[in-house]
Amino acid sequence: WLVGAVRENSENPPRLMAMEDEHRAFALQLSDSAVPLWRNRDAEGRVDTWINSVDVLGVGMPPFVFHGAPGAGLSAFLATVWRRQVEKDASEGFDGVLLHFAEVDPSATGMLSRVVSMLGRIAGGRDDPPIGFAALMSEFNSLQASLARSHKVMIVLDGATSLLDEEGRQVDFLSRLPFKLGASMRVLVGVPTS
């Protein structure tokens, strides 16, 4: 179940809706042509175990990071994971699944705007994200904490180390994430290696 049901009833700004469509089209194209290296049961099994794990200590779940050389099929693998989650029945899947490719949009602010907009819709609140990376990061932390027990959310981020700020400088997004996220939030990250 994609942000689809939430998305259709959304007042989401047209710019963010267009970005959703771009990322979705890119993901569907990639997931149809996944490179065999990443089409293995071991990697899929590890992701499934992580998705279904229970936060028994109540401290939250760490992001799951996959590394892959350029051209090895990591983006296609992440698109396939996203697609499998989106196609699940609403009762067993996530309340929202968002996929962001740095290759499609390298803007850290654009990525965070999409995430905050989705979380805001799921929380039943505002659909218009604040302006600026610092304000967006603060809103993300607040929303992910408030949704921690009530909603299941998954964010798939490909190229996390390739995100850029407004001045074109590289943003270390992973270091800005809380080490442990809310119990029902999953963040799956792809990091290209050189």
Side-chain angles (χ1 to χ4, degrees), residues 1-4 6 19-20 22-35 37-55 59-70 72-88 92-106 108 110-119 122 137 140-141 143-145 147-148 151-163 171-193:
W1 184 69
L2 174 62
V3 222
V6 177
M19 287 170 60
E20 291 291 332
E22 278 184 65
H23 288 277
R24 183 174 300 108
F26 192 73
L28 292 173
Q29 177 186 6
L30 280 177
S31 65
D32 285 338
S33 62
V35 176
L37 171 65
W38 283 98
R39 280 259 190 203
N40 65 63
R41 296 290 171 216
D42 182 47
E44 290 177 5
R46 286 187 288 158
V47 170
D48 289 342
T49 299
W50 169 74
I51 286 173
N52 297 319
S53 47
V54 177
D55 178 24
V59 294
M61 299 298 294
F64 196 167
V65 180
F66 273 96
H67 296 269
L74 179 56
S75 297
F77 172 71
L78 294 173
T80 302
V81 169
W82 167 83
R83 190 175 193 168
R84 283 184 23 228
Q85 296 309 312
V86 166
E87 291 173 350
K88 283 187 175 180
E92 64 182 52
F94 288 92
D95 295 312
V97 180
L98 184 129
L99 176 66
H100 188 91
F101 291 101
E103 186 176 334
V104 173
D105 176 16
M111 179 274 301
L112 214 44
S113 291
R114 294 179 59 231
V115 170
V116 167
S117 180
M118 178 186 75
L119 295 178
I122 290 171
M137 202 67 219
F140 167 77
N141 287 328
L143 284 168
Q144 74 90 18
L147 294 173
H151 293 85
K152 289 175 64 180
V153 177
M154 183 173 193
I155 299 165
V156 180
L157 175 57
D158 183 45
T161 56
S162 302
L163 294 172
V171 173
D172 186 2
F173 180 69
L174 288 178
S175 70
R176 296 178 187 212
L177 278 176
F179 179 67
K180 301 278 186 168
L181 296 160
S184 58
M185 176 162 292
R186 301 291 184 270
V187 177
L188 178 62
V189 180
V191 176
T193 57

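Source: prediction; values computed, not measured.
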For the student: nearest non-hydrogen atoms of L98 and W82, plus distance: C-CD1, 4.4 Å
Verdict with reasoning, D48 to R84, per salt bridge (Lys or Arg N to Asp or Glu O under 4.0 Å): CA-CA 10 Å; D48 289 342; R84 283 184 23 228; 2.4 Å; yes
Result of checking Q85, K152, M118 against V97 for side-chain contact (heavy atoms from CB on, under 4.5 Å): Q85
T49: partners by side chain to side chain contact (heavy atoms under 4.5 Å, CB included), with sequence neighbours left out: none
Minimum heavy-atom distance F101-S75, with the two atoms named: CE2-O, 3.9 Å
Donor-acceptor contact present, side-chain R114 to main-chain L99, <3.5 Å: yes
Minimal non-hydrogen separation, G159 against A102, with atom names: O-CB, 3.4 Å
Side-chain heavy atoms of Q144 within contact of V153, under 4.5 Å: no
Atom pair CZ (F94) and CZ (R186), whose distance is rounded to the nearest 0.5 Å: 6.0 Å
Closest non-hydrogen atom pair, L78 against G190: CD1-CA, 3.6 Å
Value rounded to 0.5 Å, distance of CG in L188 from CE in M154: 4.5 Å
Pair F77-V47, side-chain contact (heavy atoms from CB on, under 4.5 Å): steps then yes or no: CA-CA 11 Å; F77 172 71; V47 170; 3.9 Å; yes
Taking every non-hydrogen atom, the tightest pair across A108 and L163: CB-CB, 4.0 Å
Verdict with supporting geometry, F140 and L119, side-chain contact (heavy atoms from CB on, under 4.5 Å): CA-CA 8 Å; F140 167 77; L119 295 178; 3.7 Å; yes
Closest approach of V189 to A160 (non-hydrogen atoms, all atoms of both residues): CG1-CB, 3.4 Å
From L143 atom CG to H151 atom NE2, the distance as rounded to the nearest 0.5 Å: 11.5 Å
Spacing of OG belonging to S117 relative to CG belonging to L112, to within rounding of 0.5 Å: 11.0 Å
S53 side, atom OG; F64 side, atom CZ - distance, nearest 0.5 Å: 9.5 Å
Spatial distance of atom CE (M111) from atom NE2 (H100) [nearest 0.5 Å]: 6.0 Å
